[in-house]
Amino acid sequence: MVAVSRLIVRPSGPLQGEVTIGGAKNSALKLMAATLVAPGRHLLRNVPDIADVHTMSELLEAIGCTVRRREDDAIEIIRPEEVVPEAPADLVARMRASTAVLGPLLASAGRVRLPLPGGDDFGARPVDMHLTALEELGVTHEVVDGVIEARVDQLHGGECKLDYPSVGATENILMAAVRADGETTILNAAQEPEIWDLAAFLNRMGAHILGAGSRTITVTGVGELRAVEHSVIPDRIEAATYLAALGAAGGTITLRGADAGQLGVLIERLGSMGIRVAPEPGGLWATCEGRPRATDLQTLPYPGLATDHLPMLVAVLASADGTSFATENVFTGRFGYVAELARMGADISVEGHHLVVRGVDRLQGAEVRALDIRAGAAMVVAGLGAEGETVVTDAHHVDRGYAGFVEQLCGLGADVRRAVG
Ligand code: UD1
């Protein structure tokens, strides 16, 4: 049951103080799914306490695992010898990352029933590439009444050439190939940090994966894997969100636990907007004085600017000095948030997958909707720099991706509160 909640944001800044960057949502969810490849007791550390992690816990429990969250941000997952290789439809509908159980269930049970994930507010997000690649490993599938039924007697190695470096497809292939007979090569693999983290976790379990983080990954299948402990990498999208908040409200902040090594293009682009970011031991330091400058942005697969960074940056550019151009190359339908920013007085035109953002002097507070996790965070960012009160409805979307969002922003001196009911 999702509580109806709104975030009330008032003009804020200059921000000052420190936030703590938690474990990466997009990595933690896949590592949780990856525990399915090896029976026993796994321990994942630095797992954020967010709604999507709760959903993945429910999914693993439906599959037969025991999941327990500890006080210290760690999650213990006990994967039994026998699993139930079926994903309940309501959980897949709630969270697309549920598709990450496809590869590991094929590896551990030889079959899986997975309802087709729907689209979401940033367009259709198919799994065709996941399935085509798994066919190379011997998997057959059919879709019956909207449910993917996939099976394989024994996975075997193969060559999976992706038409696009899909993060989800690369992850599913990795989690299946670790248990295949022989060698699998993934060509045009995704290079996102979440892929390195998954490969590190699987290698700790005893897998043989080489080249994670590059375009070509080679996996030599092994007969058995064992349960292990692992710590999730820091969340680069959470870090980007607080840096965008700084751009909107000004100030000087420290992001404890952020990893500059994963944020190269973002830090460079923020620099072009006049927002200075520098690594320091254990995190990042950042400062923004005065009004940010317009810039040009385009999203690309890693190491390019992440598609998940763009909504928050556009929220800053909406009141930057000058006209910016932004291009979304990853999910081309991902501009729903632009109409919400327009309610706040933003002057943005959408031309196909391009945006022309004419910076206005100041946005005006309004009632706006959180359409998805990042769109919702972008509305909060916009509200920090706007005049008057901004009410962000459907705030449960934001809770899917951020632990203690309101508390962390308040800790920086921002005027944000939650209203429930
Ligand atoms: C993951 C992230 C998401 C991030 C995205 C890109 C999670 C839970 N989500 O999503 O936050 O924005 O990576 O960095 O980790 N595509 C197909 N067919 C497929 C698979 C993908 O056409 O079978 C297309 C998608 O529609 C999209 C592009 O490929 O246009 C990239 O998708 P992908 O990298 O797979 O993203 P996700 O893994 O879904």
Side-chain angles (χ1 to χ4, degrees), residues 23-34 47-48 50-53 55-56 59 91-92 94-103 114 116-136 139 141 143 148 150 160-175 186 188-198 215 232-233 235-238 240-241 262-263 265-266 298-313 327-335 337 353 371-378 397 400-402:
K25 170 184 88 73
N26 288 351
S27 199
L29 297 175
K30 315 308 170 59
L31 299 179
M32 290 175 75
V47 179
I50 52 175
D52 272 12
V53 165
T55 304
M56 184 57 90
L59 177 55
L91 297 180
V92 179
R94 208 189 299 166
M95 184 184 69
R96 191 192 135 81
S98 308
T99 53
V101 299
L102 188 60
L114 179 84
L116 275 173
D120 58 27
D121 279 320
F122 48 101
R125 296 175 75 183
V127 285
D128 54 316
M129 267 191 261
H130 304 224
L131 293 167
T132 308
L134 289 167
E135 277 172 15
E136 296 298 324
V139 175
H141 78 272
V143 178
I148 303 166
C160 305
K161 187 170 188 315
L162 299 179
D163 291 338
Y164 184 93
S166 155
V167 176
T170 304
E171 289 164 338
N172 262 323
I173 305 165
L174 276 178
M175 292 187 278
I186 312 175
N188 200 23
Q191 302 177 76
E192 270 68 2
E194 292 75 24
I195 304 286
W196 325 335
D197 203 21
L198 176 61
R215 299 296 282 265
V232 180
I233 56 169
D235 197 315
R236 61 201 170 100
I237 310 168
E238 188 186 20
T241 306
Q262 302 173 3
L263 295 167
V265 176
L266 175 75
Q298 64 163 327
T299 66
L300 283 172
Y302 193 84
L305 186 74
T307 169
D308 286 336
H309 291 166
L310 194 63
M312 287 81 97
L313 294 176
T327 300
E328 172 56 68
N329 290 308
V330 180
F331 290 106
T332 47
R334 193 175 187 175
F335 283 152
Y337 62 90
H353 62 120
L371 298 173
D372 63 52
I373 308 175
R374 309 308 167 190
H397 283 298
R400 288 185 47 203
Y402 295 89

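Atoms within each ligand, like the ligands themselves, are counted from 1 in listed order.
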Query raised in the report: Going by heavy atoms, is E171 under 4.0 Å from ligand 1?
Result: no
Query raised in the report: Does an N or O anywhere in A169 fall below 3.5 Å from an N or O of ligand 1?
Result: no
Query - Salt-bridge contact K25-E194 (side-chain N to carboxylate O under 4.0 Å) - result: no
Query raised in the report: What atoms of ligand 1 come within less than 4.0 Å of a heavy atom belonging to G168?
Result: 35 (O), 38 (O)
**Report entry** Atom indices of ligand 1, in the order listed, that fall short of 4.0 Å to a heavy atom of D128
**Finding:** 17 (C), 18 (N), 19 (C), 22 (O), 23 (O)
Report task. Could you list the atoms of ligand 1 found under 4.0 angstrom from a heavy atom of A97? Result -> 8 (C)
Query raised in the report: Would you call R96 and D52 a salt bridge, using N to O less than 4.0 angstrom?
Result: no
Report task. State whether the shortest distance between N or O atoms of N26 and N or O atoms of ligand 1 falls below 3.5 angstrom. Result -> yes
Query raised in the report: Checking N172 side chain against T99 main chain: does a donor-acceptor pair fall under 3.5 Å?
Result: yes
Query raised in the report: How close do A375 and Y337 get, heavy atom to heavy atom, and via which atoms?
Result: CB-CB, 3.8 Å
Query raised in the report: Does ligand 1 have an atom that lies less than 4.0 angstrom from a heavy atom of K30?
Result: yes
Query raised in the report: Does T170 reach the main-chain N or O of A190 with its side chain, forming a donor-acceptor pair under 3.5 Å?
Result: yes
Query - Numbered atoms of ligand 1 (with element) below 4.0 Å of V127, judged on heavy atoms - result: 23 (O)
**Report entry** Pairwise side-chain contact, L102 with L131, heavy-atom cut-off 4.5 Å (strictly under)
**Finding:** yes
Requested in this report: Could you establish whether P126 and ligand 1 come within less than 4.0 Å of each other, counting only heavy atoms on the residue side?
Outcome: yes
Query raised in the report: Any N or O on V330 sitting closer than 3.5 Å to an N or O of ligand 1?
Result: yes
Requested in this report: With heavy atoms only and a cut-off of under 4.0 Å, state how R96 meets ligand 1: side chain, backbone, both or neither.
Outcome: side chain
Report task. Compute the shortest N/O to N/O distance between Y164 and ligand 1 and return yes if it is under 3.5 Å, no if not. Result -> no
Query - Where ligand 1 meets T307 - atom numbers and elements under 4.0 angstrom, heavy-atom basis - result: 6 (C), 12 (O)
Query - Check: P165 N/O within less than 3.5 Å of ligand 1 N/O - result: no
Report task. Would you confirm whether E192, through its side chain, and Y302, through its main-chain N or O, come within 3.5 Å as a donor-acceptor pair? Result -> yes
Query raised in the report: Is the closest side-chain heavy-atom distance between V127 and L114 below 4.5 Å?
Result: no
Query raised in the report: Considering L310, L29, V167, which one's heavy-atom position lies nearest to atom 14 (O) of ligand 1?
Result: V167
Query raised in the report: With a 4.5 Å heavy-atom cut-off, do Y164 and V330 have their side chains touching?
Result: yes
Report summary line: Near D308 (heavy-atom distance under 4.0 Å), the atoms of ligand 1 are 3 (C), 4 (C), 11 (O), 12 (O)
Query - D197 side chain to I233 backbone, donor-acceptor under 3.5 Å - result: yes
